[in-house]
Amino acid sequence: MKEKIKTLSFATRAIHCGQEPDPLTGAVTVPIYPTSTYVQQGIGEHKGYEYSRVSNPTRTRLEQNLASLEGALAARVFASGMAAIHAIVNTLKAGDHVVCGNDLYGGTPRLFNQVMADFGLEFTYIDTSDANNVERAIRKNTRMVYVETPTNPLMRLSDLAAITSITRRKKVSLVVDNTFMSPYFQQPLSWGADMVVHSTTKFLNGHSDGLGGVVVCAHQQDADKLAFLQKASGAILSPFECWLVLRGVKTLAARMDIHDRSGRRVAEYLSQHPKVRAVFYPGLLDHPQHTLAKRQMTGFGSMITFETGSLKNANKMLKRVRVCSLGESLGGVETLISHPATMTHAALGEKGREAIGITDGLVRISVGIEDVEDILDDLDQALHAI
Ligand SMILES: *Cc1c(COP(=O)(O)O)cnc(C)c1O
């Protein structure tokens, strides 16, 4: 069965892998098992499930599905993206050092610096878009390199093949946050990464109706450690939330195709608009890493950041949008717009934002799957306010 599934294409695996009909009733959707415990037939005699913090059949199915989509050995799901990232750094121990990208999702450095640093982990932040910086930052006690590509919000890429040639030589593991591209457009394990993390809250679930996180692993050792952490720390995803992701992921390929097509249209439109001073989107020919984007990803996605010139301009436009909604998060069927300086990257402070190029006029858009003409009309009328 396993061999057969491997040959199926992505869209088919999304719908069928781990999503086989229920053997008991034939139900075509995976049942939700809202149970904390399982009856045992005798001491140590059970059907593989003992207690739902350790394992739950709905969760098992989701983990099988997501492992298949990332081409991984195993997947472990957690209560949120941050819980998944927390589990990853919990595989380290005091004195270990992590080299990180300097343009990560805001919650990640907050966890690293304000929580994990107190437990003796050390973090160094560098521009990973130049792989040479990674090599220079690795020390004797470095155990992990942690990157996001493309980054949030500036859409800078890191060359995964170049970085893994360093991490493999130095025997350091590479972790990639693949939330922005989803496994449909980017497969970091195929470039040699060791673990991939997603906030399933975003494209994987895709409907803005549940939080979740997943770590997919290339090695049994990491998969075992993370399963142990599910049991030991308990930040697991509930059966209902697992089911939401199982449902959402069935349309991942279809949604990502629309996200990508509309993303390209919106990026083109913005890049020609007289009030828009700059557009950050890897699909544009003038993106400095467009060639790398074409090599490393199979689509460009729907995350676009653009410069309106000032906080005042950004606010004027954001107050006028009607189809698009101003809010945190991304990757849903609806178009979401956010203001990085006051939302996702507020915790960095003005100096921190300045250092990586996040200005007050930047606006980030997660293009949804509404009719793209309606999205373009909405942006057009909103940009008139500037
Ligand atoms: C949202 C997000 C996270 C955090 O995930 P939660 O599900 O909100 O905990 C991590 N990384 C990236 C890139 C994200 O967009």
Side-chain angles (χ1 to χ4, degrees), residues 62 66 70 75-90 98 100-116 123 125 128 144 146-158 160 175-186 188 193 195-216 233 235-238 240-242 244-245 248-249 256 259 263 280 282 297 301-305 327-332 334-340 343-348 356 358 364-368:
L62 176 60
L66 297 179
E70 282 280 5
R76 305 288 179 232
V77 295
F78 293 88
S80 66
M82 289 319 304
I85 296 167
H86 190 217
I88 289 173
V89 284
N90 269 317
V98 184
C100 313
N102 63 357
D103 192 15
L104 300 176
Y105 171 74
T108 304
R110 181 174 57 208
L111 170 70
F112 291 176
N113 301 339
Q114 297 183 47
V115 182
M116 300 316 294
F123 301 92
Y125 298 89
T128 54
M144 189 179 279
Y146 185 100
V147 304
E148 244 169 67
T149 178
T151 60
N152 175 14
L154 292 169
M155 306 304 289
R156 292 188 183 123
L157 272 66
S158 291
L160 294 177
V175 179
V176 179
D177 184 331
N178 197 24
T179 300
F180 269 30
M181 282 301 122
S182 89
Y184 189 62
F185 285 139
Q186 181 167 266
M195 280 186 262
V196 169
V197 62
H198 286 274
S199 166
T200 63
T201 314
K202 317 295 168 48
F203 290 102
L204 285 171
N205 185 50
H207 292 70
S208 307
D209 51 11
L211 269 83
V214 64
V215 187
V216 299
S233 318
I236 42 96
L237 195 62
S238 81
F240 177 65
E241 250 84 16
C242 287
L244 281 177
V245 183
V249 88
M256 292 313 290
H259 279 302
F280 304 87
M297 314 183 323
S302 69
M303 299 304 299
I304 304 164
T305 301
E328 304 262 5
S329 202
L330 59 107
E334 57 288 287
T335 299
L336 287 166
I337 303 201
S338 73
H339 183 245
M343 295 165 98
T344 48
H345 292 71
L348 279 183
I356 55 171
I358 300 176
R364 188 192 77 186
I365 178 166
S366 164
V367 179

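Whatever order the structure lists them in is the order used to number ligands and atoms, beginning at 1. Being a predicted model, the structure only gives us computed values, none of them experimental.
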Worksheet entry | Asn152-ligand 1 polar pair, N/O distance under 3.5 Å | no
Got a donor-acceptor contact below 3.5 angstrom from the [X] side chain to the [Y] backbone?
{"X": "Asn102", "Y": "Ile356", "result": "no"}
{"X": "Ser182", "Y": "Phe203", "result": "no"}
{"X": "Ser80", "Y": "Gly212", "result": "no"}
{"X": "Thr344", "Y": "Gly106", "result": "no"}

For ligand 1, which atoms, with element, lie under 4.0 Å from some heavy atom of [X]?
{"X": "Asp177", "result": "10 (C), 11 (N), 12 (C), 13 (C)"}
{"X": "Gly81", "result": "5 (O), 6 (P), 7 (O), 9 (O)"}
{"X": "Ser80", "result": "7 (O), 9 (O)"}

Worksheet item: Counting heavy atoms only, which of Gly212, Gly210, Ser199, Pro150 is nearest atom 5 (O) of ligand 1?
Response: Ser199
Discussion item. I need the single residue from Asp177, Asn178, Val176, Thr128 that forms a side-chain contact (heavy atoms from CB on, under 4.5 Å) with Thr149. Which is it?
Written reply: Val176
Please report which non-hydrogen protein atom sits nearest to [atom], along with the residue it belongs to and the distance in Å to one decimal place.
{"atom": "atom 14 (C) of ligand 1", "value": "Lys202 NZ, 3.0 Å"}
{"atom": "atom 9 (O) of ligand 1", "value": "Met82 N, 2.9 Å"}
{"atom": "atom 4 (C) of ligand 1", "value": "Tyr105 CE2, 3.5 Å"}

Worksheet item: Contact between Ser329 and ligand 1, counting heavy atoms under 4.0 Å?
Response: no
Item to complete: Verify the ring-centre separation between Tyr125 and Phe112: is it less than 6.0 angstrom?
Response: no
Fill in: Gap between atom CG of Leu244 and atom NE2 of His207 - 0.5 Å precision
9.5 Å
